[in-house]
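Have a look at the structure below before the remarks.
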Amino acid sequence: MSALPASGAWPTQPLPADKPPVEPQSAAKGASLRLNHRPIVNFRSHWLGEGPASRAEQAQEVLTEALASSEANDLGLQREGDVQRVELNGQPLFVLTPTDLGAGLNLGQQDAAARQVLRRLQQAVAEHRESRDPKALGRALITTLLASALALGALRLLIAMRRRWSERLFQALSGNQFQGALGLFLKEYLAHSSRAIQWLSKALTLGLVLLLLDTWATFVLRQFAYTRPWGERGSDRLLSLLSQFAGAILNAIPQLMVALLILGMARLATQVFSAVMKRVEQGEITLGSLDAEIAMPTRRLGNLLIWLFALAMAYPYLPGADSEAFKGMTVLAGLMLSMGASGMVGQALAGLSLLYSRSLRVGEHVKMGETEGTVVGLSLFSTRLHTGMGEEICLPNTLVLNQPIRNFSRLVADGRFMLHTAITIGYDTPWRQVHAMLMEAAQRSAGVASEPPPYVVQTALSDFYVEYRLCAQSNRSAPHRRIEALNQLHGHIQDVFNEMGVQIMSPHFRVNPQEPMVVPPGPWASTNAPAGDFLQPTQAEHGAQKATDA
């Protein structure tokens, strides 16, 4: 190690003229002087031909020798020109150049920076002495044991409190002490609720345990001079994190108030809009083409649009909205929504098209493709039909929108429906007679309206038969299900044709059989006959039995 010059012999220029200039990168990086794990000063400039690393190494050796040879802790500063000398018990340790203290500082600021270096050195020297004091080590060890015992007791108490709190809350859930919707929800999902409470209590307990261990470790490290800097850095990190968290909360309060104001205005707007739409639903007011039928879906759609608009307006004011993590989560959520909800969006748009075009209404009797039934539900995503045969069919709205819809109720008043059925009769039967028989069957059906009167049309003249179609409207006496009303009408058509001796051979009529294919008179002609009477053999069966016996 090169010897330091005596007091009063310090040059006023840190770098001789024959020395090469300092590289900016190495000068900016510098070399740090440490004692007892504490940073004292960072050397950044050359001095007497020595670079920052060499100066730090020499200062470390001088400081170690001075501490070993003297028990006194008399530290001081001596200014000579632009540099300041740090001394221990009158012995020079190292010098501080203006570059070491910070570039661009005036004399007053340099003196303040030098005093900070001196205070750090005084603290490090005191801890160095303390680390070699047996009494101080003993006190630190006793304090550590007591703190460890208290931490262990607090840890056990925390775990016991978690278990007791979980048991009491589970008993409260099992006893169904909660009322209203919350009580019904907890009763329905008791197992899931208890599991969620256990996970929540474990997560909360784990957080408190980590905080307790961090506090204990910080306290223990601060008891020993050798590890005190580590404990202080741990405390500084925790306090810095808490202060940043508290500062972020305080800074976010004004913007959060703006976001809450926007959401509150959206809430008020939805309440006003819902009140107006409910009055439209109840028929108290009318708003142009908006009627009670589409008031409810309009209310839901309008509320959704209001909340989406409010969320878009409040988004910039939400805490952390400008952070990269928040932006990344937003982009990820948008990507997942666009990729996974394309089919759902199509279903919703199809449902809106059906609602606002009024192609379907609840209670109407329709036929879509091969599916026929009564509309019992119409939502954004699907349409539900009751077929009348114990079936409920749920059709996606995109499927409904892409095929023709035959509506049997739209042109009929009072929510009733059209009844029409087709039969094929041979050319040997007068068409006027067929018309009269079909009209007679319609008059016998209680569910067929007399006004407007039913009518018969010939829809086709085929090779072997004529196709007749009976069209009528139902009345209030008709069954609620269209298939039941058709069942009654078909029964009366068969009765009338049997009475007139006209056989119905559709749809595979080719030639007239030798005997008319009609039902002979019997108990089945009366709708009030006992069910057992219909189990008797028919005339054709009697003839077949006689032929077998012969």
Side-chain angles (χ1 to χ4, degrees), residues 1-16 19 22-23 26-133 136-137 222 224-233:
M1 180 188 71
S2 61
L4 293 174
S7 177
W10 296 86
T12 58
Q13 297 296 329
L15 185 62
K19 288 292 182 181
V22 182
E23 297 181 3
S26 62
K29 184 177 181 182
S32 177
L33 172 63
R34 292 177 176 269
L35 177 62
N36 197 46
H37 304 296
R38 286 192 180 277
I40 306 301
V41 65
N42 191 30
F43 296 108
R44 297 185 179 90
S45 64
H46 284 67
W47 178 257
L48 298 180
E50 301 292 341
S54 179
R55 291 178 59 199
E57 183 179 356
Q58 291 179 10
Q60 187 76 48
E61 294 178 4
V62 173
L63 181 59
T64 303
E65 292 177 1
L67 291 176
S69 61
S70 175
E71 294 294 332
N73 297 330
D74 187 10
L75 291 167
L77 285 172
Q78 294 293 334
R79 170 177 283 278
E80 294 187 5
D82 292 338
V83 300
Q84 299 192 51
R85 183 175 65 248
V86 181
E87 297 179 348
L88 175 62
N89 301 327
Q91 179 183 355
L93 299 177
F94 51 87
V95 295
L96 299 174
T97 66
T99 306
D100 296 334
L101 296 175
L105 300 179
N106 55 33
L107 290 178
Q109 293 173 340
Q110 291 178 10
D111 292 339
R115 286 192 296 270
Q116 291 180 0
V117 173
L118 185 62
R119 282 194 293 269
R120 291 195 294 267
L121 181 59
Q122 289 173 345
Q123 184 179 8
V125 170
E127 290 174 348
H128 178 77
R129 304 293 190 194
E130 182 184 348
S131 63
R132 285 160 176 76
D133 186 3
L137 291 175
R222 291 171 67 95
F224 299 91
Y226 186 79
T227 59
R228 189 169 297 151
W230 299 338
E232 291 177 354
R233 285 195 292 270

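Starting from 1, each residue takes its place in the sequence as its number.
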For this session: For Q60 and R34, indicate whether the former's side chain and the latter's backbone hold a donor-acceptor pair under 3.5 Å.
Result: yes
For this session: Considering non-hydrogen atoms only, spot the tightest contact between P39 and S32 and give its length.
Result: CB-OG, 4.3 Å
For this session: Could you tell me whether the side chain of D100 and the main chain of F43 form a donor-acceptor pair under 3.5 Å?
Result: no
For this session: Establish, from distance only, whether the side-chain atoms of D111 and Q84 form a donor-acceptor pair under 3.5 Å.
Result: yes
For this session: Report the distance from atom CD of Q110 to atom OG1 of T97, rounding to the nearest 0.5 Å.
Result: 9.0 Å
Exercise. If you take all heavy atoms of A56 and L33, which pair is closest and at what distance?
Worked result: O-CD1, 4.1 Å
Seminar exercise, completed: Output for pair (L88 CG, Q122 CD), nearest 0.5 Å, gives 10.0 Å
Exercise. To the nearest 0.5 Å, what is the distance between CG (L96) and CZ (R44)?
Worked result: 11.0 Å
Problem set entry | Inter-residue atom distance L101.CG - R115.CZ, 0.5 Å rounding | 11.0 Å
For this session: Find out whether V95 and V86 are in side-chain contact, i.e. whether some heavy atom of one side chain is under 4.5 Å from a heavy atom of the other.
Result: no
Exercise. Is the shortest heavy-atom distance from the side chain of F94 to the side chain of W47 under 4.5 Å?
Worked result: no
For this session: Answer yes or no: is there a side-chain heavy-atom contact under 4.5 Å between R120 and Q116?
Result: yes
For this session: Establish, from distance only, whether the side-chain atoms of R55 and S45 form a donor-acceptor pair under 3.5 Å.
Result: yes
Exercise. Do Q58 and E61 have side-chain heavy atoms sitting under 4.5 Å apart?
Worked result: no
Exercise. Roughly how far, to the nearest 0.5 Å, is CG of L93 from CG of L118?
Worked result: 10.0 Å
Exercise. L63 versus L121: any side-chain heavy-atom pair under 4.5 Å?
Worked result: yes
Problem set entry | Side chain to side chain, R85 and R79, heavy atoms closer than 4.5 Å | no
